[in-house]
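Below you'll find the structure, written out as structure tokens, and then a few comments.
The basis for the numbers below is simple: all heavy atoms, side chains too, and nothing from hydrogens, waters or symmetry mates. In what follows, every chain begins at residue 1, and chains take the letters A, B, ... in the order their sequences are listed. Here the structure is a predicted model, which means the values were calculated and not measured.
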Amino acid sequence: MSIENIVATVTLEQQLDLYAMERSVPNVEYDPDQFPGLIFRLESPKVTSLIFKSGKMVVTGAKSTEELIKSVKRIIKTLKKYGIKITGKPKIQIQNIVASANMHVHVNLDKAAFLLENNMYEPEQFPGLIFRMDDPRVVLLIFSSGKMVITGAKREEEVYKAVKKIFDKLNELDCIRQIEEEEEELEI
Amino acid sequence: RWRKWQIRARIQSSIDRNLAQAMNELERIGNLLGLPKSVKDEAALIYRKAVEKGLVRGRSIESVVAASIYASCRRIKIARTLDEIAQYTKANRKEVARCYRLLLRELDVEVPVSDPKDYVTRIGSLLGLSGASMKSAAEILEKAKNVGLTAGKDPAGLAAAAIYIAALTNDERRTQKEIAQVAGVTEVTVRNRYKELIQELKIEIQNQ
DNA sequence: GCTTTAAAAAGTAATAT
DNA sequence: ATATTACTTTTCAAAGC
């Protein structure tokens, strides 16, 4: 199981002059007619930030909480380096965690679609079965390969819980078939 | 008392006007698609439920009608793609798909997962194939389903490939291009599904 | 509802070689 | 005819139209 993307909001509690930032900070995109936020890309960790004049920002692309915190620190350090005054400490809130997981089994999606509640499976439109789980409140995209995408989580723990829960559920409903996998990559 | 009656009457007449317009659209699109009366009647029933639940607010009548027709086709197992239906509306496939998902979530219309076999009859008859070929295509698809080969794949592509194989083995060969065209998929998809089917089901193809 | 950003899954489509 | 690139789905926040 691995976290693929974390979306977070950062509150700076101060107004920002985006026009001044566009002039002094290199490699930023700012087109207020297209989108009210200024786009700032950090090379390492590789994340992208949308910065708003209200002092709020959205940071996307981090693969762990540690990476997210490091990114926010570096973004602020970079802005300061180019003369943008930033006071106070940023408040970081994780809004969405996207993860992927592999059950290493074949899933009978037709059967799962029939037996699971709150699901949507439309193979002419998308190959995965979309399952909305109530607790934890996340959405899972389940594929016949046994791989899946978990999204909508606010805490890492919800992802683990959801994966275990859906695996047990699919097992109970007999929607799983073992598959012979050549390369078993070892992972924690 | 009077006021309440007036409000109710006004709402009712608004629903009636919406329905009248929607039924015209339904009739128009349904006829362009050559759909039987049963499908149009079912679609009308679904649309009526949608209007009564206020699902049409903020959306075009046409898109919701198209979504109702699609849901009806799926329920009655008349193979029609979302694209085929959307082409007769001003809305695009994405908007009709959005309305369709809304119908699934908000109304208790149960739609079975589409079966590739339902596409066989349509594709087969458009190509003028024999019943024997269509029957063997259906058998190929049944085997494919049993070994888990169909999960996540576009039923139209699967049906197209099964028909390609069936026509070949029944001496009624059609080109992948012809089949892809009537199935509404690309030649590449037909080829990919074809390769997978003959390999996994160990189907022997003599020709070259 | 839309605009923008990121990311995975597997299938299909469009374009390039 | 195959290889790349791009789009489909889901999630979420930001400010404004």
Side-chain angles (χ1 to χ4, degrees), chain A residues 1-12 15-16 18 29-42 45-63 67-68 71 92-103 107 109 119-133 137-154 158-159 162, chain B residues 57-60 81-83 92-95 97-98 101 150-158 160 176 180 183-193 195-196:
Chain A
M1 198 232 76
S2 61
I3 290 181
E4 305 290 351
N5 182 27
I6 296 179
V7 178
T9 49
V10 177
T11 307
L12 292 176
Q15 296 292 309
L16 294 171
L18 300 185
E29 293 171 41
Y30 183 46
D31 182 0
D33 293 328
Q34 188 182 48
F35 188 70
L38 176 145
I39 304 168
F40 175 85
R41 286 168 217 274
L42 192 72
K46 192 173 176 260
V47 298
T48 297
S49 178
L50 305 176
I51 305 173
F52 300 86
K53 65 183 180 192
S54 62
K56 289 183 177 178
M57 33 195 241
V58 174
V59 177
T60 62
K63 293 205 179 292
E67 203 175 279
L68 170 67
S71 301
I92 305 173
Q93 284 177 289
I94 292 179
Q95 302 291 161
N96 181 28
I97 296 176
V98 182
S100 64
N102 192 348
M103 299 185 282
V107 184
L109 296 181
N119 81 84
M120 177 117 97
Y121 174 49
E122 298 279 328
E124 38 254 288
Q125 184 158 142
F126 188 72
L129 181 149
I130 299 159
F131 178 66
R132 288 161 206 280
M133 192 177 274
R137 197 158 193 82
V138 299
V139 172
L140 298 102
L141 310 182
I142 305 162
F143 299 86
S144 65
S145 64
K147 289 185 179 178
M148 57 188 176
V149 172
I150 306 90
T151 185
K154 285 241 172 359
E158 295 174 343
V159 176
Chain B
R57 283 177 201 165
R59 264 167 275 265
S60 75
T81 64
L82 217 43
D83 275 311
N92 56 339
R93 189 203 81 267
K94 202 167 180 175
E95 176 58 22
R98 198 196 317 280
R101 266 170 269 165
T150 60
K153 271 105 174 191
D154 183 355
L158 285 165
Q176 294 182 351
V185 295
T186 63
E187 286 179 68
V188 179
T189 295
V190 177
R191 203 172 302 128
N192 288 340
R193 292 300 128 246
K195 284 180 189 166
E196 192 175 45

Would you indicate, yes or no, if [N] has its OP1 or OP2 atom less than 4.0 angstrom from a side-chain nitrogen or oxygen of [X]?
X: B:Arg101; N: D:dT9; value: yes
X: B:Thr189; N: C:dT12; value: no
X: A:Ser100; N: C:dA9; value: no
X: B:Arg59; N: C:dG1; value: no
X: A:Arg41; N: C:dA6; value: yes
X: A:Lys154; N: D:dC12; value: no

Can you tell me how far [atom2] of [N] sits from [atom1] of [X], to the nearest Å?
X: B:Glu196; N: C:dT12; atom1: CD; atom2: C1'; value: 13 Å
X: A:Ile150; N: D:dT9; atom1: CD1; atom2: P; value: 20 Å
X: A:Asn96; N: D:dT9; atom1: CG; atom2: C1'; value: 14 Å
X: B:Arg98; N: C:dG1; atom1: CZ; atom2: P; value: 7 Å
X: A:Ile130; N: C:dA10; atom1: CD1; atom2: P; value: 15 Å
X: A:Gln34; N: C:dT3; atom1: CD; atom2: P; value: 11 Å
X: A:Asp31; N: C:dT5; atom1: CG; atom2: P; value: 11 Å
X: A:Asn119; N: D:dT9; atom1: CG; atom2: C1'; value: 14 Å

Residue list, side-chain contact (heavy atoms from CB on, under 4.5 Å) with A:Phe52, at least two apart or on another chain
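Partners of A:Phe52 by the side-chain contact (heavy atoms from CB on, under 4.5 Å) criterion, ordered by chain and then number, come out as A:Phe35, A:Pro36, A:Leu50, A:Ser54, A:Val58.
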
Roughly how far apart, to the nearest Å, are [N] and [M] at atom [atom1]?
N: C:dA9; M: D:dA13; atom1: C1'; answer: 23 Å
N: D:dC7; M: C:dT4; atom1: P; answer: 12 Å
N: C:dG1; M: D:dT10; atom1: P; answer: 12 Å

Could you check whether any side-chain heavy atom of B:Arg101 comes within less than 4.5 Å of a side-chain heavy atom of A:Gln125, counting everything from C-beta outward?
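Heavy-atom side-chain distance check passes, below 4.5 Å.
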
Mind checking whether A:Leu68 and A:Ile92 have side chains closer than 4.5 Å, heavy atoms only?
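Yes; the side chains approach each other to less than 4.5 Å.
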
Assess whether one donor atom and one acceptor atom, taken from the side chain of A:Thr151 and the base of D:dT10, lie less than 3.5 Å apart.
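There is none.
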
The side chain of [X] is closest to which nucleotide in this list: [options]?
X: B:Thr186; options: C:dA13, D:dT9, C:dG11; result: C:dA13
X: B:Val185; options: C:dA13, D:dT9, C:dA10; result: C:dA13
X: A:Arg132; options: D:dT11, C:dT5, C:dA7; result: D:dT11

With A:Tyr121 as reference, evaluate A:Leu129, A:Ile142, A:Ile130 under the side-chain contact (heavy atoms from CB on, under 4.5 Å) test and give the passing residue.
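Between A:Tyr121 and the candidates, side-chain contact (heavy atoms from CB on, under 4.5 Å) is satisfied uniquely by A:Leu129.
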
Surrounding NZ of A:Lys53 (heavy atoms of other residues, nucleotides or ligands, distance under 6.0 Å), is the total greater than 12?
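No, not enclosed.
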
For salt bridge (Lys or Arg N to Asp or Glu O under 4.0 Å), just list the numbers for B:Glu196 and B:Lys153, CA-CA rounded to whole Å, side-chain angles, deciding distance to a tenth of an Å, and then say yes or no.
CA-CA 12 Å; B:Glu196 192 175 45; B:Lys153 271 105 174 191; 3.3 Å; yes

For the aromatic rings, using the six-membered ring if either is Trp, is the centroid distance between A:Phe40 and A:Tyr30 under 6.0 Å?
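No, too far apart.
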
Are any protein N/O atoms closer than 3.5 Å to N/O atoms in nucleotides 14-17 of chain D? If there are, list each pair with its distance.
residue : atom : partner : partner atom : Å
D:dA15  : OP1  : A:Ser54 : OG           : 2.6
D:dG16  : OP1  : A:Lys53 : NZ           : 3.2

Could you go through A:Lys154 and A:Glu158, starting from their C-alpha distance and side-chain angles, then the distance that decides it, and tell me whether this counts as salt bridge (Lys or Arg N to Asp or Glu O under 4.0 Å)?
CA-CA 7 Å; A:Lys154 285 241 172 359; A:Glu158 295 174 343; over 6 Å; no

